[in-house]
Amino acid sequence: MEPIQTVKGFRDFFPEECAVRNYIFDTWRSVARRYGFMEYEGPVLENTDLFRKKSGDEITSQLFCFTTQGKDDVSLRPEVTPSLARMATARQRDFKKPIKWFQIGSCFRYEAPQAGRTREFVQFNADILGDASPATDAELIAMAIDVMREFGVSSDDFEIRLSNREIWNGFLAQFNITAEHTPTFLQIIDKIERARSEETEKKLNAIGLSLADVRAFMASADESHPAFAALRENLSARGIWQHVRIDATIVRGLAYYTGTVFEVFDRKHGLRAVAGGGRYDKLCSLMSDGKVDMPAAGFAMGDVVLKLLLEKTPGAQMKLTSALLAASSIDAYVVVVDEAQRGHALAAVQALRAAGIRIDYSFGAQKAGKQFQAAEDRKARFAIVFGAEYPEVVIKNLIARSQSSVPAAGLVEEVQRLLAEPAIGPLIA
RNA sequence: GUGGCCGUAGUUCAACGGUAGAGCCCCAGAUUGUGAUUCUGGUUGUUGCGGGUUCGAGUCCCGUCGGUCACCCCA
């Protein structure tokens with residue numbers, strides 16, 4: 001019989017990987033809450049029309065879509081912004097503005113898996129709706145920066161590449177290029193650093209432009225451009241403008257963005273963008289058929305590229321390792337040396353756990369050596385030994401290799417006292 | 001969607017077209033109340049799957065599935 005493998009591009013999370021995933025989620029969540037964002041969640045499965053409405057029919061080739069028994073045409077979500085737009089516009093009068101929401105959840109895209117790209121991935125989404133000011137854009141960029149710093153990724157390792165679609169609109173107007181050419185043009189700009197210049201020149205000529213004009217404009221679009229003035233002032237006041245670099249080639253594909261656009265890039269490893277986002281003032285109107293016209297901006301960060309970056313960045317690697325150890329270790333392992341004391345040991349296990357102490361022990365009779373080895377394997381800080389001397393109980397510090405003895409009646413208090421002391425030894429978080 | 005490379009024990013990898021192996025891991029013992037080291041023994045494979053060539057295929061060929069990388073795309 002053929003073994004059943006995971007579906008192409010989907011992942012198992014064994015405890016080791018699951019701990020990494022939890023660490024990433026916890027970090028995202030803690031920064032978002034620090035910024036005063038509220039967590040929400042939408043359905044993983046949506047009517048396919050929701051995504052067609054935003055992006056057009058051709059996008060369905062990269063959707064996980066199928067027809068249900070009830071003949072509904074549905075898709076696993078490739079992103080959460082359409083769901084967010086529906087939710088926010090449906091009840092927008094119930095929420096004071098600005099609406100600051102974040103979300104963490106799986107998304108799905110039917111694409112060829114490769115480095116930094118799977119078919120199932122988790123995105124962190126942060127959005128601010130109902131406020132069109134540059135202060136909103138600044139808040140989102142600041143949060144993106146703080147998320148990276150919270151992971152231990154420094155300015156040596158990442159940067160924010162910032163642009164604004166308005167500056168290209170101004171450029172196109174200056175050369176009297178009609179709006180119908182805008183998508184084509186932005187696609188050319190998106191690829192300008194990767195494509196050969198003859199190709200780019202040819203494509204630009206086709207819509208009445210020249211590469212020299214575009215290059216000249218890009219060189220002029222530095223941080224002194226008026227489109228960046230308010231953002232620059234805001235982020236400078238926070239002391240984080242140095243993370244930002246103006247890069248006019250950032251246009252974010254063909255999406256719904258209308259103003260500020262930015263991406264988070266690693267600076268050393270040539271990875272895909274870690275995060276991307278920007279202002280999308282027309283999307284709510286589009287998704288609500290014009291009923292709700294609400295400005296919005298947001299960004300999304302995926303877990304796959306982020307994890308690659310964390311593993312390649314020494315400072316982030318250290319934080320990750322210590323978080324993993326803290327998550328996987330236990331406080332104490334109860335060693336039953338004299339099986340006659342198992343009842344007393346179980347009572348102590350219950351009492352210690354009730355006090356919030358992380359305890360493990362062996363289910364059956366085991367030689368003492370095995371039990372101490374198990375305590376070591378579980379990265380326990382203490383071993384609590386139940387032997388013939390009961391009601392005296394031995395508490396052994398597995399790091400310092402010292403031991404003491406307490407009456408069973410005072411065990412919980414004594415263990416709490418010992419745990420409150422700073423651990424002596426390496427790598428205890 | 002296109003192309004390159006890869007697929008052998010739980011894992012990391014060997015094996016000229018000629019009997020499928022090793023390290024690690026795991027389990028047990030040496031060791032009757034203390035973690036290391038060491039030693040001993042043990043479990044595990046239709047060589048991803050399906051065809052073909054051959055006296056004989058893990059090895060060569062075709063297909064397929066999966067992994068990986070690049071291109072396309074990247075909401």
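In the text below, chain A, chain B and the rest are named by the order of the sequence lines, each starting its count at 1. The analysis underlying the following values was restricted to heavy atoms, covering all of them including side chains, and did not include hydrogens, waters or symmetry mates.
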Please determine, for the side chain of A:Q114, which listed nucleotide (B:A70, B:A75, B:C74) has the closest atom?
B:A70
Say you pick atom [atom1] in [N] and the same atom in [M]; how far apart are they, in whole Å?
N     : M     : atom1 : answer
B:C26 : B:U37 : P     : 11 Å
B:G45 : B:C39 : P     : 27 Å
B:G29 : B:U34 : P     : 15 Å

Could you note down all residue pairs passing side chain to side chain donor-acceptor pair (under 3.5 Å) where residues 266-279 of chain A supplies at least one of them, sequence neighbours left out?
A:Q114-A:R272, A:D137-A:R279, A:D157-A:K268, A:R279-A:D281
Which part of the nucleic acid does [X] contact within heavy-atom distance under 4.0 Å: base, sugar-phosphate only, or nothing?
X      : result
A:G278 : nothing
A:A383 : nothing
A:R77  : nothing

Side chains of A:M218 and A:T249: does their closest heavy-atom pair fall under 4.5 Å?
yes
With sequence neighbours left out, write down each residue that passes salt bridge (charged side-chain N to carboxylate O under 4.0 Å, His left out) with A:E311, or none if nothing qualifies.
A:K307
In what stems does RNA chain B take part, counting only runs of at least 3 consecutive Watson-Crick or G-U pairs whose two distances fall under 3.5 Å?
B:1-7 with B:65-71, B:10-13 with B:21-24, B:26-30 with B:38-42, B:48-52 with B:60-64
If a pair satisfies ring pair (Phe, Tyr, Trp, His ring centres under 6.0 Å) and one of its residues is in residues 129-150 of chain A, list it, with sequence neighbours excluded.
none
Are A:K191 and B:C73 close enough that a side-chain N or O sits under 4.0 Å from OP1 or OP2?
yes
Atom pairs under 3.5 Å: protein N/O with N/O of nucleotides 32-35 of chain B:
residue	atom	partner	partner atom	Å
B:G33	O6	A:A388	N	2.5
B:G33	O6	A:E389	OE1	2.7
B:G33	N1	A:E389	OE1	2.6
B:G33	N1	A:E389	OE2	3.2
B:G33	N2	A:E389	OE2	3.3
B:U34	O2	A:K396	NZ	2.8
B:G35	O3'	A:Q373	OE1	2.7
B:G35	N7	A:K396	NZ	3.4
B:G35	O6	A:K396	NZ	3.4
B:G35	N1	A:L398	O	3.2
B:G35	N2	A:E376	OE1	2.2
B:G35	N2	A:L398	O	3.2
B:G35	N3	A:E376	OE1	3.2

Do the side chain of A:R117 and the base of B:C73 come within less than 3.5 angstrom through a donor-acceptor pair of N or O atoms?
yes
Less than 4.0 angstrom from a charged side-chain N to a carboxylate O is my criterion; do A:E193 and A:K191 meet it?
no
Hey, can you tell me if A:H344 and A:Y390 have their rings parallel, tilted or perpendicular (30° and 60° cut-offs)?
parallel
Output all residues satisfying side chain to side chain contact (heavy atoms under 4.5 Å, CB included) with A:A374, sequence neighbours left out; order by chain, then residue number.
A:Y333
